[in-house]
Every structure is written in structure tokens, then in C-alpha cells.
Amino acid sequence: MELKQLKRLPLGIQTFSNIIEDDMLYIDKTEYIWNMIHTSKYIFLSRPRRFGKSLLCSTLQAYFEGRKDLFKGLFIESVEKEWTVYPVLRLSMASGKHMEKEQLERYLISILEENERRLGLSSDAKDPNVRLKNLIFNAYEKTGKKVVVLIDEYDAPLLDVVHEETTLPVLRNVMRNFYSPLKDSDPYLQFVFLTGITKFSQLSIFSELNNLTNISMDEEYAAICGITTEEIHEQAHDYVERLGKKNNWTYDETVRQLTQQYDGYHFTWPSPHIFNPFSLINAFARKRIDNFWFSSGTPTYLIEMLRKFNVVPTDISNMEVPASAFDAPTENMKSITPLLYQSGYITIKGYNPISRNYILDIPNGEIQVGLMESLLPNYVHEYADKGNSMVGKMYEALYYDDLNEMFRLLQAYLLTVPYCDNANSEGHYQQMLYVIFSLFGRYVDVEVHTPTGRVDIVMKTAKALYLFELKLNMSAEAAIKQIDLKDYSSKFALSNLPIVKVGINFDPERRTLSDWNVVAKE
């Protein structure tokens, strides 16, 4: 029995007033809001999906509507003295997906009509851009106050077509025309805030609105969305304890589990550690660790772009890129890096002050496993579902230190897959094993340099460090001899883990393992 009743958790709720009025858990972000509204008149913020952008917009709406009662006990209550009421336009593009040009234009009109009704205004303009211009001016005239415009997920209508050369320009023009009145309406605007996934420069929508302040990588706003370790300890301590109690973990063990699964996001450098808020809240509510964010919907456009750029799994980890890579134009992308970063599938893990490059990598266990599950079909095609089941059995065998059973399972499974592209190359099998080992949720790396050569795959578990050498049409014994000849093990002597050497030979005709050899280092 719990010692005290905890506040309800806001599962799927993105409306600030609902959270406060229903006495749900709210992680106080109002200090960031206060600083932001005193920084610039036009602000843009990029963050991944389900990271709290909509809640941030809703909180801004409540603040600018002067709803002082909702902010009791929050930071902004201690600094705001006037609570001026402004007319607020809330334009959410979240549902404007998978639409043709005419559908999108009707959708934009419907959003404007909702705002007109709420503000007691009307218009008969047929063009969305004209209607937006009229709405801003009429709201200003009626109230005598400048207008606040909050645009949430401005790029939603375009994300699923970024890989389509014909559709993207058409829809981009619709959105560019729609947003165009913002510049000419400057005398009537108090504050303009836009959120999205892709940065505005990438979709070339705001070429006319050149006075936007992009705070997406500002250190001051690194934690404006998401939940930091400090916020967990200070504002969600009781939920951590409850989760731990349910799973027989200590408080510190629970924090470690949550950190491995959901932490690791950084949107600048240096940056506090940011947890995925959607997954964290779900873990607290359901009292278990799971891949909540990833399973809530991997965007179609991301998978399409991974295929378009022929991304191999190992390309996704440990990248080093210049700052300019974050702003590469989406329409002419030469790399998928910006899209992976802004979508939340890779994040900043460091900064090299000499080269001035950012180091990017997969943020945490949830994303590693989710991404690899998405990439597994590239190696086993329509047999991916059966493959995921096989991976679970392989991990169980590894857990019990039975590598012979682990490889027997993989051998039998690959024999059921009738065809794999590039099955006659060692690289194909290296990438496939990288995906499978990543699905174990363990550290794994490829082409790891040593003083005498490169280890094909290195995997670390709590029990051992595994060095894998792969061969094609040779023998597992030849692979073990190479590990010994080049003394790969010496590089890892200080790992404080038993070292296990594993030689694997693949048969390209049968497209599976022909033999393997596992040798524990004395």
C-alpha cells in the first residue's frame, strides 16, 4: 500500500489548463517561458515529436490570456505583476498530414474559423493567407491589444512528403503563402512563437520572415522541453519510488534503469541530461520500462529517407558533423543526419572545440532498440516479425552464457529466409549482427581499432566483453586465429571484464552461418 496518494499523471494531455485544474503532475517550465518572452518578439523552437511542444504552446496561451489562477505556485507567478490579457491565435498544424493541396487549404481555413469563433470575429475571405491577415488585424482592432500568434508543429503538413519531389513544392507553397502575412502584420503583433521538428530554414517557408530568433540550440533553453535529471529528483521523486517498489528496485536502481532507457538527449553542448518526457510519464503511469515513445509511431518519412539514402545501421552512431549540418536544406539533403537529429533518433553527445564539430549518437536504449527493429526488415524482409521473436530467444541464450545456442538459433532462422540482398558480402552479415546485437540493448560497435588492426564487432554485456571476427567461405577457426595473431584482446585488457573471442564463418550460398567457435580468454 502506498504511503500517500500521488497526483495523476497527464497521459496524452497537452492542455496546460486541464493539467492544472485537474491537479495533475506539471514539471514547471515557466521560468524558461518568462525568459523567452523577454528575449525576442519572434521565436522558433525545434524539438522531436511528443517532447512537450504542444504543452509549451498551451502554457503560453494561458499566460498571454492572463489566466493568473493557473500559475499559482509556479515560477512565473513570482515575477509577473501585470497579467495583461492579449488576444491569442493558436494555430496547430498537427492534424494537417497526408493532405492534397485543396484539402490542406480547407484545413487551414477551419483552423482560422475556430480562432474567429473563440475571439467573436468573422470573415468571408476564401484564401487562407488573406483570412489570417484579416484575423490578426480584426483581433487587434476589437481588443486594442496586440495579438499573440502561437503556431504549433508548423511543418506537420510537409514532413511526410519531404522525400516526394513533386508533392513537396506544392504543399510548401501553400504553407509559405499562409504564413506570409506575419511579416506585414508586425505592427499588430505582440509575440509570435513557432514550434516544429525540422528547422525553418530547411523547408524554405520563412524566407520572408527573416527576423525569427531560433532558440533550438541555445544553451539557456536546452531543457525547455523534456525532463532533466534534476527535475526528476525534485518534482517526480515519489513516482520514481513507486516504479521501483513495483519492480523491486531501489531508488538508485530505478533511476539507472530510467536513465539507460530514456535519458541521453542534448540539444546543444554543454547541456543537462534530458529524458524523453512521453516515455518517462508512461513509465511512471504504467509502472514498467518499455519503448513507449518509439512504439507510439515511427514517422513514415523517416523510414523512407533511411531507404532513400541507403543508410546502414552503423552509419547512425558516432557521427561527427559541423554546425552547418543541422541547417542543411531538406529539399536538397545530401545526408539524413539533420532529419535523424531533429526527429530525436540521434542527439548531441559531445563537441570537439578544435574541429568545431558536434559528436552525434543514438540517445538511449529505447531508440537503439526501436531503430534497429525498423532496420531489421532490410536484412530479413517480410520475415522481420519472426526475426524479432528469434532475437528475443537469442538474447535469452546470451543471458545464460550459451552462445552455441544463440548462434544455432540464428543459423536455423537464416535458413528460413529465402533471399537477402548482398548476402555474398561480409559487410552484409556484419551489419545484420550489429542490428541483432543492438536489439539486445547492449553496447555494440563495429570496426573497432586496435594497435594491430580492427575488430569486426565488439559487444559488451554485464558479464563479458565479446570480440567477434567474421569470415566468408573460410572457417570459424581461421577467424579465431586472426584474433590471436593480431592480439586484439590486449586492447581490452583493462575492461575489467572476461574477454570472449568469437569466430564466425558465413556460407553465402546457404546465406547463413556455417560454423562458429567461442573461446573464453584465460
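Both backbone and side-chain heavy atoms feed into the values below; hydrogens, waters and symmetry mates do not.
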Got a second to check how far [X]'s [atom1] is from [Y]'s [atom2], nearest 0.5 Å?
{"X": "L159", "Y": "L168", "atom1": "CG", "atom2": "CG", "value": "10.0 Å"}
{"X": "C57", "Y": "Q14", "atom1": "SG", "atom2": "CD", "value": "10.0 Å"}
{"X": "I362", "Y": "S317", "atom1": "CD1", "atom2": "OG", "value": "6.0 Å"}
{"X": "W249", "Y": "R256", "atom1": "CH2", "atom2": "CZ", "value": "11.0 Å"}
{"X": "W34", "Y": "I37", "atom1": "CH2", "atom2": "CD1", "value": "6.0 Å"}

For the residue pair [X] and [Y], would you count it as a cation-pi contact if the rule is NZ or CZ under 6.0 angstrom from the ring centre and within 45 degrees of the ring axis?
{"X": "K287", "Y": "Y239", "value": "no"}
{"X": "R49", "Y": "W293", "value": "yes"}
{"X": "R47", "Y": "F267", "value": "yes"}

Determine yes or no for a side-chain-to-main-chain donor-acceptor pair under 3.5 angstrom, with [X] supplying the side chain and [Y] the backbone.
{"X": "D28", "Y": "F75", "answer": "yes"}
{"X": "K53", "Y": "L194", "answer": "no"}
{"X": "N35", "Y": "E31", "answer": "yes"}
{"X": "Q482", "Y": "E469", "answer": "no"}
{"X": "K349", "Y": "G264", "answer": "yes"}
{"X": "S180", "Y": "N177", "answer": "yes"}
{"X": "D155", "Y": "G196", "answer": "no"}
{"X": "T228", "Y": "E231", "answer": "yes"}
{"X": "K486", "Y": "P451", "answer": "no"}
{"X": "T167", "Y": "E164", "answer": "no"}

Non-hydrogen side-chain atoms of [X] and [Y] separated by less than 4.5 Å:
{"X": "L258", "Y": "D263", "result": "no"}
{"X": "D184", "Y": "D186", "result": "no"}
{"X": "P272", "Y": "I274", "result": "yes"}
{"X": "F193", "Y": "I151", "result": "no"}
{"X": "M175", "Y": "P157", "result": "yes"}
{"X": "W269", "Y": "I359", "result": "no"}
{"X": "I232", "Y": "I27", "result": "no"}
{"X": "V149", "Y": "L91", "result": "yes"}

Over all heavy atoms of both residues, which pair between [X] and [Y] is shortest? Give the atoms and the distance, please.
{"X": "G244", "Y": "T254", "value": "CA-OG1, 3.1 Å"}
{"X": "P48", "Y": "S343", "value": "CB-O, 3.5 Å"}
{"X": "M99", "Y": "L171", "value": "O-CD1, 3.6 Å"}
{"X": "L45", "Y": "I224", "value": "CD2-CG2, 3.9 Å"}
{"X": "R172", "Y": "L158", "value": "N-CD2, 3.6 Å"}
{"X": "E426", "Y": "L472", "value": "N-CD2, 3.8 Å"}

Side chain to side chain donor-acceptor pair (under 3.5 Å) assessment of E153 paired with S92:
CA-CA 6 Å; E153 299 193 49; S92 174; 5.6 Å; no

Determine whether the side chains of [X] and [Y] contain a donor N or O and an acceptor N or O closer than 3.5 Å.
{"X": "S216", "Y": "S46", "result": "no"}
{"X": "Q235", "Y": "E230", "result": "no"}
{"X": "T314", "Y": "Q431", "result": "yes"}
{"X": "D487", "Y": "T452", "result": "no"}
{"X": "N352", "Y": "Y358", "result": "no"}
{"X": "S279", "Y": "Q261", "result": "no"}

side-chain contact (heavy atoms from CB on, under 4.5 Å), paired with L433, selected from I504, V446, D456, V444:
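Between L433 and the candidates, side-chain contact (heavy atoms from CB on, under 4.5 Å) is satisfied uniquely by I504.
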
If we check side-chain contact (heavy atoms from CB on, under 4.5 Å) with L360, which of these qualifies: V321, T347, L340, I316?
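Passing option: V321.
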
Show your reasoning for whether side chain to side chain contact (heavy atoms under 4.5 Å, CB included) applies to V458 and F492.
CA-CA 10 Å; V458 174; F492 307 98; 3.9 Å; yes

So [X] and [Y], would you call those rings parallel, tilted or perpendicular, with 30° and 60° as cut-offs?
{"X": "Y265", "Y": "F51", "answer": "perpendicular"}
{"X": "Y26", "Y": "F16", "answer": "perpendicular"}
{"X": "Y154", "Y": "F44", "answer": "perpendicular"}
{"X": "Y262", "Y": "F292", "answer": "tilted"}

Can you check side chain to side chain contact (heavy atoms under 4.5 Å, CB included) on V369 and S438, steps first, answer last?
CA-CA 6 Å; V369 170; S438 294; over 6 Å; no

Can Y32 and E220 be said to form a side chain to side chain donor-acceptor pair (under 3.5 Å), step by step?
CA-CA 8 Å; Y32 296 104; E220 182 181 359; over 6 Å; no

Side chain to side chain contact (heavy atoms under 4.5 Å, CB included) assessment of H273 paired with T259
CA-CA 9 Å; H273 290 279; T259 299; over 6 Å; no

Heavy-atom neighbours of K460 NZ exceed 12 at 6.0 Å:
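No, not enclosed.
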
Can L398 and M394 be said to form a side chain to side chain contact (heavy atoms under 4.5 Å, CB included), step by step?
CA-CA 6 Å; L398 175 67; M394 286 181 64; over 6 Å; no

Walk me through whether F506 and H428 qualify under ring-ring contact (aromatic ring centres under 6.0 Å, His included).
CA-CA 11 Å; F506 287 94; H428 169 84; 8.7 Å; no

So, applying ring-ring contact (aromatic ring centres under 6.0 Å, His included) with F437, which one of Y395, F468, Y443, Y466 is it?
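Single pass found, and it is F468.
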
Take N129 and Y179 through the side chain to side chain donor-acceptor pair (under 3.5 Å) test and state the conclusion after the steps.
CA-CA 7 Å; N129 60 333; Y179 295 130; over 6 Å; no

Let me see the working for Y63 and F191 under ring-ring contact (aromatic ring centres under 6.0 Å, His included), right down to the final yes or no.
CA-CA 12 Å; Y63 168 75; F191 182 74; 9.1 Å; no

